[in-house]
Number of protein chains: 2
Amino acid sequence: MADVARVAGVSSQTVSRVSNGFPGVTEETRRQVLAAMRELGYRPNSAARALKRGEFRTLGVITFSLSTMGNIRTLEAIATSAAQQGYAVTLLPVAVPTQDEVNGAFSRLGELAVDAVIVIMEIHLLDAATVSLPPGVQVVVADSDAGDRYTVVDTDQVGGARDAVRHLLDLGHDTVWHLAGPEDSFAAQRRANAWRTTLAEAGRGAPPLVRGDWSAESGYRAGLRLADQRECTAVFAANDQMALGLLRALHERGRKVPEDISVVGFDDIAEAASFLPPLTTIHQDFAEVGRLCVEGVLSKIRRPAQDAAGQGTTLVPTRLVLRSSTAPPPRGGAGRGGRGVRPR
Amino acid sequence: MADVARVAGVSSQTVSRVSNGFPGVTEETRRQVLAAMRELGYRPNSAARALKRGEFRTLGVITFSLSTMGNIRTLEAIATSAAQQGYAVTLLPVAVPTQDEVNGAFSRLGELAVDAVIVIMEIHLLDAATVSLPPGVQVVVADSDAGDRYTVVDTDQVGGARDAVRHLLDLGHDTVWHLAGPEDSFAAQRRANAWRTTLAEAGRGAPPLVRGDWSAESGYRAGLRLADQRECTAVFAANDQMALGLLRALHERGRKVPEDISVVGFDDIAEAASFLPPLTTIHQDFAEVGRLCVEGVLSKIRRPAQDAAGQGTTLVPTRLVLRSSTAPPPRGGAGRGGRGVRPR
DNA sequence: CCAGTGGATGTTTACGTAAACATTAGCTAG
DNA sequence: CTAGCTAATGTTTACGTAAACATCCACTGG
């Protein structure tokens with residue numbers, strides 16, 4: 001910076017002003033400084049800048065191995081939103097989702113140049129790690145449910161599941177089966193609960209819950225079992241990948257979708273539109289989740305002294321995407337006599 | 001740090017030594033300092049540290065929207081390897097793969113606290129961006145082919161494609177069809193070239209090339225066309241997703257896999273083992289690619305003055321994973337008379 | 001014509017750390 | 001017993017930047 005100042009024939013402070021776009025610099029002077037910068041290949045030292053300003057303009061993101069598409073797209077949205085706000089994003093990978101690893105990530109965090117942290121993680125592993133959270137580092141949690149202790153941003157799992165079930169009931173199906181995600185996932189839990197509640201609200205009985213593990217393979221295995229349940233005319237799968245396996249199993253067993261069985265998924269992954277048949281599913285707006293995470297964390301940074309406050313959960317609405325995998329139940333079958341039946 | 005020094009009754013320099021694990025500090029003193037650190041909740045300021053040391057201990061990763069699974073897994077491996085080496089990873093997302101966006105990312109890079117950059121990107125967009133590369137920032141490129149100008153780490157596309165084709169020829173197929181990726185992808189280009197070369201080496205004619213765009217949907221469309229080519233008994237798909245679409249199309253058209261047609265994919269994505277039938281495919285070691293990227297970039301940082309040197313391409317070997325989608329050609333069909341034929 | 005005003009620019013300083021150098025104490029060997 | 005050495009610790013300084021304050025100058029209005 002001193003060199004630039006010398007070449008431009010000004011003081012280093014003026015260089016700083018130009019560098020930060022401050023007003024109160026003559027156009028003439030500004031041009032000279034910029035020319036000197038280019039000539040010398042000057043680029044501001046962000047370490048010194050951070051030291052002086054007391055902030056890094058960087059957000060940390062803690063996440064498990066980037067295994068699920070949802071996490072990845074959330075991360076992507078976080079990076080994009082952060083960039084727009086002039087913040088960089090630093091990745092803190094947690095290789096194995098064990099308590100030790102999580103604690104390790106949080107303690108590493110202490111030495112890291114971040115102003116705040118966004119956690120994309122099921123909350124139960126976060127519990128014991130709380131203690132080691134460096135003071136002054138704000139946290140927002142995505143894809144979880146601990147609104148009482150952290151600020152949480154999440155997809156409206158309940159609303160999405162309800163929409164899925166109601167759509168099938170509105171089509172005239174007697175009831176809706178559910179292919180759930182793994183028990184240790186809160187998202188799966190919430191979707192399953194909403195499925196049960198919505199059926200109860202409509203006065204329908206809930207068939208036995210079938211459980212998978214999010215994978216297409218598990219959906220396939222579940223599908224083989226469901227195909228034998230002749231009274232089953234509608235299935236709500238907790239994610240699109242399991243729905244894919246389900247479709248394959250049903251096809252293999254000669255159960256036509258949507259003529260014999262309707263299927264609704266959850267997530268709206270890119271491939272869902274290319275399934276056979278194209279999958280009706282619940283669209284999640286991961287981009288919005290990411291954006292809100294960044295917004296939440298930045299507002300925390302900017303308004304200090306939000307200790308007890310700043311908690312609560314922000315829900316991102318979902319959207320039912322109609323494709324070809326849903327239809328009214330077969331006439332001769334278990335349907336309640338056609339379309340007319342619409343609970344609520 | 002001064003506070004810690006006061007509480008521990010030592011100088012700040014001693015605190016620094018403890019903080020950095022230097023030798024030459026009495027065990028007694030060390031304990032006192034550590035106790036003071038804990039008591040005050042001290043954590044080193046990485047900005048000041050970076051300013052003093054002249055390095056950030058951070059790597060930047062420039063990548064297009066995290067769309068393909070390969071990029072994601074490479075990124076994950078980079079983050080993990082970097083963490084092991086005491087480096088953090090900062091994400092530089094490029095929303096749209098246009099020249100402007102890439103240039104923008106590179107100029108933002110200038111103000112960013114990174115010591116080196118890993119680019120996961122097709123190289124042609126990197127060309128014009130070269131000029132704005134800040135001096136002193138080392139670059140390694142993954143998944144590309146510009147070994148003459150950058151250090152490149154990539155999967156051995158050629159070897160993988162050759163293994164796929166040879167496997168099918170060894171099974172006795174007359175020739176192998178190829179479902180290629182999009183024209184603007186170098187990876188797709190290299191796989192297609194290797195397919196053609198391997199066939200030529202074996203003295204076989206190359207059937208017309210069928211092109212997709214990496215998506216399952218495009219694989220499905222291509223599959224419908226291939227199903228009508230009765231002489232086609234073996235297909236090498238340039239990635240697993242297209243292979244998935246291909247399998248579905250063939251199944252729909254009543255062409256049995258592997259009895260009528262053998263299919264080999266590329267990538268070995270998680271779902272490949274659950275395809276119907278489980279897919280024989282070329283396994284890519286993305287973790288190794290990521291690790292080598294980090295290693296390469298760190299060695300550049302540590303050994304300065306590698307201007308002209310440090311170029312070249314490192315190839316990561318692939319592995320043929322045998323599953324159930326490949327078999328000898330049908331007897332009555334176009335096969336060359338069974339297994340015996342093994343070129344080379 | 002001059003005090004007053006405000007815009008443009010310069011000077012000083014501190015941010016937290018660690019390298020380089022300085023000092024002290026304890027010990028060994030002659 | 002002391003010079004000479006080493007290990008442990010302390011002191012000074014600079015890293016590059018930007019806030020706070022200081023200065024200068026041109027112009028306005030009475």
Side-chain angles (χ1 to χ4, degrees), chain A residues 1-37 40-58 86 88 110-115 134-137 301 304, chain B residues 1-37 40-58 86 88 109-115 134-137 301:
Chain A
M1 191 158 97
D3 295 340
V4 173
R6 201 172 312 118
V7 170
V10 299
S11 75
S12 68
Q13 183 55 38
T14 299
V15 175
S16 170
R17 281 193 264 258
V18 171
S19 167
N20 290 291
F22 274 81
V25 178
T26 313
E27 189 53 40
E28 168 68 12
T29 311
R30 177 185 307 281
R31 269 207 314 279
Q32 286 184 345
V33 171
L34 289 175
M37 281 178 172
L40 299 175
Y42 167 82
R43 61 187 189 116
N45 178 314
S46 56
R49 202 172 253 192
L51 175 59
K52 185 66 186 146
R53 293 200 288 219
E55 61 173 20
F56 302 102
R57 296 278 169 95
T58 298
E111 324 192 335
L112 226 52
V114 297
D115 302 310
V137 174
I301 291 175
Chain B
M1 191 158 97
D3 296 340
V4 173
R6 201 171 314 119
V7 169
V10 298
S11 75
S12 66
Q13 183 55 38
T14 300
V15 175
S16 171
R17 283 193 263 257
V18 171
S19 168
N20 290 292
F22 274 82
V25 178
T26 314
E27 189 52 39
E28 168 68 10
T29 312
R30 175 185 310 281
R31 268 207 314 278
Q32 285 184 345
V33 172
L34 288 174
M37 282 180 172
L40 298 175
Y42 166 82
R43 61 186 189 118
N45 179 314
S46 56
R49 198 171 257 192
L51 175 60
K52 187 65 187 144
R53 292 201 288 220
E55 60 171 22
F56 301 101
R57 296 279 168 93
T58 298
L109 182 64
E111 324 193 335
L112 227 52
V114 297
D115 301 310
V137 173
I301 291 174

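Every chain is numbered from 1 and lettered A, B, ... according to where its sequence line falls, protein lines coming before strand lines.
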Separation of B:Phe22 atom CZ from C:dT17 atom P, in whole Å? 15 Å
d(B:Asn20 CG, B:Arg49 CZ) to nearest 0.5 Å is 4.5 Å
For A:Phe56 and C:dG16, give me the distance from atom CZ to atom P, rounded to whole Å. 11 Å
d(B:Met1 CE, B:Met37 CE) to nearest 0.5 Å is 8.5 Å
Please report the closest heavy-atom contact between B:Asp115 and B:Glu55, naming both atoms and the distance. OD1-CA, 3.5 Å
Return the OG to CG distance between A:Ser46 and B:Leu51, rounded to the nearest 0.5 Å. 10.0 Å
Rounding to an integer number of Å, can you tell me how far A:Met1 CE sits from C:dT9 C1'? 14 Å
Applying side chain to side chain contact (heavy atoms under 4.5 Å, CB included) between A:Val15 and each of A:Val7, A:Asp3, A:Leu34, A:Val33, report the one that passes. A:Val33
Find the distance A:Arg57:CZ to D:dT17:P and express it as a whole number of Å. 15 Å
Please state how far atom CD in A:Glu55 lies from atom P in C:dG16, giving the value in whole angstrom units. 14 Å
How close do B:Arg57 and B:Gly86 get, heavy atom to heavy atom, and via which atoms? CB-O, 3.9 Å
How would nucleotides 8-15 of chain D be written as a contact map, 5' to 3', with B for base contact, S for sugar-phosphate-only contact and - for no contact, using protein heavy atoms under 4.0 Å? SBBB--BB
Counting just side-chain N and O atoms, does B:Arg53 come under 4.0 Å of either OP1 or OP2 of C:dT17? no
